[in-house]
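Reviewing the structure listed below.
Reminder, nothing fancy here: chain letters follow the sequence lines and each chain counts from 1.
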Protein chains: 2
Amino acid sequence: MDKIDRRILRLLQEDSTIAVADLAKKVGLSTTPCWRRIQKLEEDGVIRKRVALLNPEKVNGRVTVFVSIRTNSHSMEWLKRFSEVIGEFPEVVEFYRMSGDIDYLLRVVVPDIAAYDAFYQKLIAKIEIRDVSSTFAMERIKYTTELPLDYMVLDKP
Amino acid sequence: MDKIDRRILRLLQEDSTIAVADLAKKVGLSTTPCWRRIQKLEEDGVIRKRVALLNPEKVNGRVTVFVSIRTNSHSMEWLKRFSEVIGEFPEVVEFYRMSGDIDYLLRVVVPDIAAYDAFYQKLIAKIEIRDVSSTFAMERIKYTTELPLDYMVLDKP
DNA sequence: GTCGCATAAAGAAAAATATTCCGCAAGCAT
DNA sequence: ATGCTTGCGGAATATTTTTCTTTATGCGAC
């Protein structure tokens with residue numbers, strides 16, 4: 001892993017449609033070695049997948065809600081069940097187990113507040129939760145899938 | 001926008017490397033009309049971009065922190081300045097203006113707690129903030145860039 | 001009904017791109 | 001120096017995308 005790999009990752013994080021030949025030019029390689037590096041990055045699991053990102057507005061996903069959850073049962077069993085339930089909801093796009101006084105945090109995408117309420121009702125019908133607190137995002141100021149690469153560990157500079 | 005478009009979007013959200021011919025087969029079209037639909041979805045801005053998603057572990061981004069921010073100055077000026085500052089930090093991958101008693105919410109990705117502290121110091125050096133509260137994610141249970149398409153409005157079913 | 005028009009599909013051809021194959025050069029241990 | 005490993009590059013090949021042209025279908029005006 002060196003500077004060139006990092007440059008490749010940076011560019012692919014921005015736009016994965018770029019042709020290997022163009023990418024190669026930008027990082028100062030010819031297409032073959034560049035192509036091989038990309039393959040390796042995929043094999044090694046550094047590149048997890050390539051996806052299309054949609055415009056939330058255009059697919060009726062205007063509202064983002066952060067849902068803070070506290071639970072009574074801190075057992076593995078409960079978490080397993082909870083994870084499965086959450087997995088079934090495409091509205092939940094992020095799901096973290098947290099430190100601090102909130103046990104779990106969800107990010108939920110829905111068209112409007114009514115749809116959020118419907119989601120909420122469905123959720124609490126499926127599994128018991130001690131405490132749920134919802135906070136609505138008014139504006140999405142920044143959202144990126146690009147991870148910071150400055151911290152990456154390089155073998156060869 | 002019809003069921004076929006939705007199927008195309010669903011598949012491209014999962015994996016954008018799929019060949020148009022294969023995609024076409026899956027949605028029951030031949031390559032040309034399928035290709036044209038994809039073009040249109042891109043023109044219309046439904047498909048925003050195509051990117052490579054990296055494995056956070058492999059690029060030294062093991063720690064996710066949610067940062068709740070409250071401010072004194074609720075002016076446009078301050079927000080503009082704040083947005084610019086945040087924009088400079090690649091560690092901040094999400095940034096929302098919120099309802100409720102928290103004004104802004106950040107999601108920050110860093111290698112470890114020390115790096116988070118360094119980020120925090122840099123941030124508060126650049127702009128004055130009334131109150132900052134950091135909560136660490138212990139585990140990322142679900143993370144997807146796939147938006148729910150069930151809510152999408154279809155002209156033709 | 002049928003004519004003309006608009007929309008969407010399909011097949012084949014052309015262009016662009018990805019992938020493979022082979023040889024060359026540099027670094028390094030023996 | 002010799003042999004080995006690693007990484008690069010150019011050319012050939014295979015795939016895929018993109019364009020071009022044709023055909024089918026639905027629909028309103030007459």
Side-chain angles (χ1 to χ4, degrees), chain A residues 1-55 58-60 145-147 149-157, chain B residues 1-55 58-60 145-147 149-157:
Chain A
M1 198 89 100
D2 61 3
K3 273 188 173 175
I4 296 181
D5 285 320
R6 182 158 67 184
R7 286 236 287 280
I8 291 173
L9 291 175
R10 234 187 266 283
L11 291 163
L12 287 179
Q13 280 200 114
E14 286 173 20
D15 175 16
S16 67
T17 65
I18 184 171
V20 182
D22 297 348
L23 184 56
K25 203 167 297 172
K26 290 204 182 194
V27 304
L29 281 179
S30 70
T31 74
T32 307
C34 182
W35 181 84
R36 265 205 281 267
R37 277 165 182 265
I38 296 167
Q39 292 302 310
K40 181 138 179 33
L41 289 166
E42 282 172 348
E43 274 169 33
D44 294 352
V46 181
I47 295 174
R48 198 158 61 82
K49 62 196 308 204
R50 290 153 181 261
V51 302
L53 300 182
L54 308 188
N55 184 337
K58 304 275 181 165
V59 294
N60 213 7
T145 56
E146 297 174 36
L147 297 176
L149 298 181
D150 309 315
Y151 296 112
M152 222 171 77
V153 187
L154 305 180
D155 300 339
K156 298 160 296 175
Chain B
M1 196 90 100
D2 61 2
K3 273 187 174 174
I4 297 181
D5 286 320
R6 183 157 68 184
R7 286 236 288 280
I8 290 173
L9 291 175
R10 233 187 265 285
L11 291 163
L12 287 179
Q13 279 201 113
E14 285 174 20
D15 175 16
S16 66
T17 65
I18 185 172
V20 182
D22 297 347
L23 184 56
K25 204 168 293 170
K26 290 204 181 193
V27 303
L29 284 177
S30 71
T31 75
T32 308
C34 181
W35 181 83
R36 263 209 274 271
R37 277 166 183 265
I38 297 168
Q39 292 303 309
K40 182 141 179 29
L41 289 166
E42 283 172 347
E43 275 169 35
D44 295 352
V46 181
I47 296 174
R48 199 158 59 84
K49 62 197 306 203
R50 291 153 181 261
V51 302
L53 300 182
L54 308 188
N55 184 337
K58 305 273 180 167
V59 295
N60 213 8
T145 56
E146 296 174 36
L147 297 176
L149 298 181
D150 309 315
Y151 296 112
M152 222 171 78
V153 187
L154 305 180
D155 300 340
K156 297 162 297 177

For the atom pair CG (Asp2(B)) and CZ (Arg7(B)), what is the distance rounded to the nearest 0.5 Å? 9.5 Å

Value in whole Å for how far the C1' atom of dA9(C) lies from CD1 of Ile38(B): 15 Å

Among the nucleotides dG10(D), dT17(D), dA9(C), which one has an atom lying closest to any side-chain atom of Ser30(A)? dG10(D)

Using whole Å, report how far CG of Asp155(B) lies from P of dT7(C). 14 Å

Of Arg10(A), Arg37(A), Lys40(A), Arg36(A), the one forming a salt bridge (Lys or Arg N to Asp or Glu O under 4.0 Å) with Asp5(A) is Arg37(A)

Atom CD1 of Ile18(B) to atom C1' of dA18(C): distance rounded to whole Å? 17 Å

Asp22(A) CG - dA16(C) C1' separation (whole Å): 11 Å

Mind checking the CG-CD1 spacing from Leu54(A) to Ile47(B)? Nearest 0.5 Å is all I need. 6.5 Å

Between dA8(C) (P) and Lys40(B) (NZ): distance, integer Å: 9 Å

Take atom NZ of Lys25(B) and atom P of dA10(C), then tell me their distance rounded to the nearest Å. 13 Å

From dT19(C), dA10(C), dC8(D), nucleotide with atom closest to Leu29(A) side chain: dC8(D)

Name the closest nucleotide to the Arg37(A) side chain, picking from dA10(C), dG7(D), dG9(D). dG7(D)

Asp44(A) side chain to Val46(A) main-chain N or O, any donor-acceptor pair under 3.5 Å? no

Taken to the nearest whole Å, CE/Met1(A) to P/dT6(D) is 18 Å

Quick check for you: to the nearest 0.5 Å, what is the distance between Glu146(A) atom CD and Glu14(A) atom CD? 5.0 Å

Every protein N/O within reach of nucleotides 19-27 of chain D N/O, cut-off under 3.5 Å:
unit_1, atom_1, unit_2, atom_2, d
dT19(D), O4, Thr32(B), OG1, 3.3

Arg50(A) CZ to dT17(C) P, in whole Å, measures 15 Å

How far does CG of Leu154(A) sit from NZ of Lys3(A), to the nearest 0.5 angstrom? 8.5 Å

Rounded distance (nearest 0.5 Å) linking atom CG of Leu41(A) with atom CZ of Arg6(A): 13.0 Å

